[in-house]
Amino acid sequence: MGIYLNPNNVLLQRDLNSPIYIDKSMLIAELNALINTNGNFLCVSRPRRFGKSMAGNMISAYYSKGCDSRELFKDLKIAQHPSFEKYLNKLNVIKIDLNGEYMSSHEDFLQIMQEKIMRDFVREYPDIDFSYCRNFGDCMLEIYAAMGETFVIIIDEYDVLVRENVPQTLFKEYLEFLNSLFKNSTLSPAISLAYLTGILPIVRDKIQSKLNLFAEYSMTDAGRLTEFVGFTAEETKGLCEQYGMDYDECRRWYDGYDMGNIKEIFSPRSVVSAMERKRFGSYWTQTGSYEALKLYILMNFDGMRDDVVTMIGGGKVDVNVYKYLNTMTDFHSKDDVFTYLIHLGYLAYDSETKQCYIPNSEIREQWVISVEYEADYKPIIKLINDSKQLLEATINKDAAAVASALTESHMRATNPLTYNNEASFQSAIGLAYFYANLKYTVIKELPTGKGYADLALIPYVPNIPAMIIELKNNKSAESAINQIREKKYDDLLEHYRGRMLFVGINYDEKTKEHECVIEELEVRS
């Protein structure tokens, strides 16, 4: 047993000892299926606090010959899988926390790290002559040649030198290190599995050629590993039941990552924090300062401000995620910025519509904080503050105040070229009712048997009414109310008991004025 070579299972034991541990051990079954195949090199990227290190601890404890982990895994799902016995503690593991190594030694860290790993080899295999080995890759070859033993390589935070402003000489040395490990055809048969984790996918213009053997699993396409990216709805429901927390409220705060084949992925660290503290709130600041977000959303790319407005208001915007080079310096368009923020978790990606959006209330709060005191975004912040008065006016059935507020909101939230655009109008309404997210579950285009309600607001705090809002262009607010009645949109909330408001809103393109009619249904028993 060494520090880097064939480590023990203490870190997995600590993870299992934690008050909350979600069983993601079936990830091992996926990896077992890839061992010694052409798909055995994986790069798995996801945001901070999404369980990258815990996954690495589990993988290491399962494969490492330096420990006996049967007892730790006996109650986990993988223990019932047919492949469980096949590789349990039967492979050599090299586990590296690249961020920790870099932070401890900086410019000399690669040399120092290699020397420490090679010392592990000497201790583990005293009968083998490593005197001619220049690096630990050479040591692996010696073991493979002498004993036929293969290796699992786990590198956590592999992208630390991409994210840090390091000297080019160090970066070049890092590329040579990667090349010696993963582009060496002689060494390749000695590697049964390579598992790299980081925040960013593989950099396309600098290290892609060094890592083009790797299959990528990222926040834009997690593929077969989707269920291991974050907490699933089923896992989160179980925690909410265990800790007596409201699941719908938890969804509003921490859900929203659409990963294609799984539509609901929750932010793990935030869910755990909410359960432990018995309080829903924003825990995202634990993953990094909002200043990091502000730096990028203030970049002056065409149309970016309008898109930020749309997303803060709850809308989605088009994004091309294939242009970004996965670096910290090559930002040439808003697509690059938005794709980067997807990988950081500040945005989510809808692979079906090719659009990005702010996933939940916790992250939206970070966006609002980031633009709060910036001159370019002051109109947005005023609009958000005004939304509180708008919600109060709507609840109080003050239709004139609602119409006036929406006219002002529409003008602030859109530019003259897109003012009459229907999507811009809908986005402006969504942003105008931003404050409602603090008291309501806000559902856009809620399907009914006879069409779609534009906006449904279902309260999760007491003593306020539910609302169904219908929007019209160049017609009348009364016609919007009639549509709610005729298509029986209130049937959508047939299980809701309490006050309910019908809100009809019309926008006149010629006068640029809004009209509002509000009706209240009788209280349901």
Side-chain angles (χ1 to χ4, degrees), residues 27 30-46 52 55-56 59 93-96 98-99 102 110 113-114 134-138 140-141 144 150-164 166 168-226 228-229 260 320-332 335-336 339-340 342-344 349 351:
L27 171 61
E30 295 290 341
L31 299 181
N32 285 347
L34 296 174
I35 281 185
N36 295 325
T37 71
N38 289 332
N40 66 335
F41 284 21
L42 296 80
C43 180
V44 182
S45 60
R46 61 185 74 163
K52 297 188 297 295
I59 295 166
V93 169
I94 297 174
K95 184 172 182 283
I96 302 169
L98 208 66
N99 182 62
Y102 172 69
L110 282 170
M113 179 186 74
Q114 296 243 42
R134 298 161 300 170
N135 51 52
F136 75 82
D138 288 346
M140 291 167 59
L141 272 178
Y144 180 66
T150 60
F151 293 80
V152 172
I153 299 177
I154 303 168
I155 302 180
D156 193 13
E157 304 281 7
Y158 89 96
D159 60 337
V160 63
L161 295 194
V162 179
R163 294 184 279 110
E164 297 286 337
V166 302
Q168 282 301 304
T169 53
L170 177 57
F171 197 84
K172 182 180 178 182
E173 185 181 352
Y174 180 52
L175 297 187
E176 292 171 353
F177 164 72
L178 296 176
N179 198 54
S180 68
L181 277 179
F182 303 120
K183 292 290 285 187
N184 186 333
S185 59
T186 305
L187 181 58
S188 183
I191 302 176
S192 285
L193 180 74
Y195 186 90
L196 273 56
T197 72
I199 294 173
L200 294 175
I202 294 168
V203 177
R204 295 182 185 177
D205 65 339
K206 292 181 180 178
I207 66 175
Q208 186 177 34
S209 62
K210 315 301 179 189
L211 299 179
N212 59 7
L213 295 175
F214 281 77
E216 294 193 59
Y217 302 88
S218 72
M219 294 301 286
T220 59
D221 184 5
R224 64 193 295 165
L225 303 185
T226 296
F228 310 112
V229 168
N320 183 340
V321 298
Y322 303 107
K323 294 163 59 178
Y324 177 48
L325 298 177
N326 302 331
T327 73
M328 300 293 292
T329 56
D330 296 301
F331 294 97
H332 303 295
D335 286 325
D336 292 341
T339 305
Y340 173 64
I342 290 169
H343 293 305
L344 263 61
Y349 179 62
S351 59

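The model shown is predicted, which means the values in this text are computed figures rather than measured ones.
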- Task: Could you tell me how the ring of Y174 sits relative to the ring of F177: parallel (under 30°), tilted (30 to 60°) or perpendicular (over 60°)?
- Result: parallel
- Task: Quick one: do K52 and V44 satisfy side chain to side chain contact (heavy atoms under 4.5 Å, CB included)? Show the steps, please.
- Result: CA-CA 8 Å; K52 297 188 297 295; V44 182; over 6 Å; no
Any chance you could measure [X], atom [atom1], to [Y], atom [atom2], to the nearest 0.5 Å?
X	Y	atom1	atom2	value
L31	L193	CG	CG	5.5 Å
Q168	E173	CD	CD	13.0 Å
D156	L98	CG	CG	9.0 Å
Y195	Y217	OH	OH	10.0 Å
I199	H343	CD1	NE2	11.0 Å
L213	L42	CG	CG	12.0 Å

- Query: Should we say atom CG of N38 is surrounded by more than 12 heavy atoms from elsewhere, each under 6.0 Å from it?
  - Reply: no
- Could you give me the CA-CA distance, side-chain angles and deciding distance for F182 and F214, then say whether ring-ring contact (aromatic ring centres under 6.0 Å, His included) is met? CA-CA 9 Å; F182 303 120; F214 281 77; 5.0 Å; yes
Can you check whether [X] reaches [Y] side chain to side chain, under 4.5 Å on heavy atoms?
X	Y	answer
K95	I59	no
Y322	D335	no
S218	R46	no
L200	D159	yes
Y158	C43	yes
V162	N326	no
T186	L141	yes
I153	M140	yes

- Begin from the C-alpha positions of L27 and L225 and carry the test side chain to side chain contact (heavy atoms under 4.5 Å, CB included) through to its verdict. CA-CA 7 Å; L27 171 61; L225 303 185; 3.8 Å; yes
Does the [X] side chain pair with the main chain of [Y], one donor and one acceptor, at a distance under 3.5 Å?
X	Y	value
E216	I202	yes
D138	R134	yes
N99	V160	no
Q114	F136	yes

Give me the atom names and distance for the closest heavy-atom approach of [X] to [Y].
X	Y	answer
T150	P189	CG2-O, 3.8 Å
V203	T327	CG1-CG2, 3.5 Å
I342	V321	CD1-CG1, 4.0 Å
L34	T37	O-OG1, 2.6 Å
V166	Y102	CG1-OH, 3.5 Å
I154	G56	CD1-O, 4.1 Å

- side chain to side chain contact (heavy atoms under 4.5 Å, CB included) between N184 and N179, intermediate numbers included: CA-CA 7 Å; N184 186 333; N179 198 54; over 6 Å; no
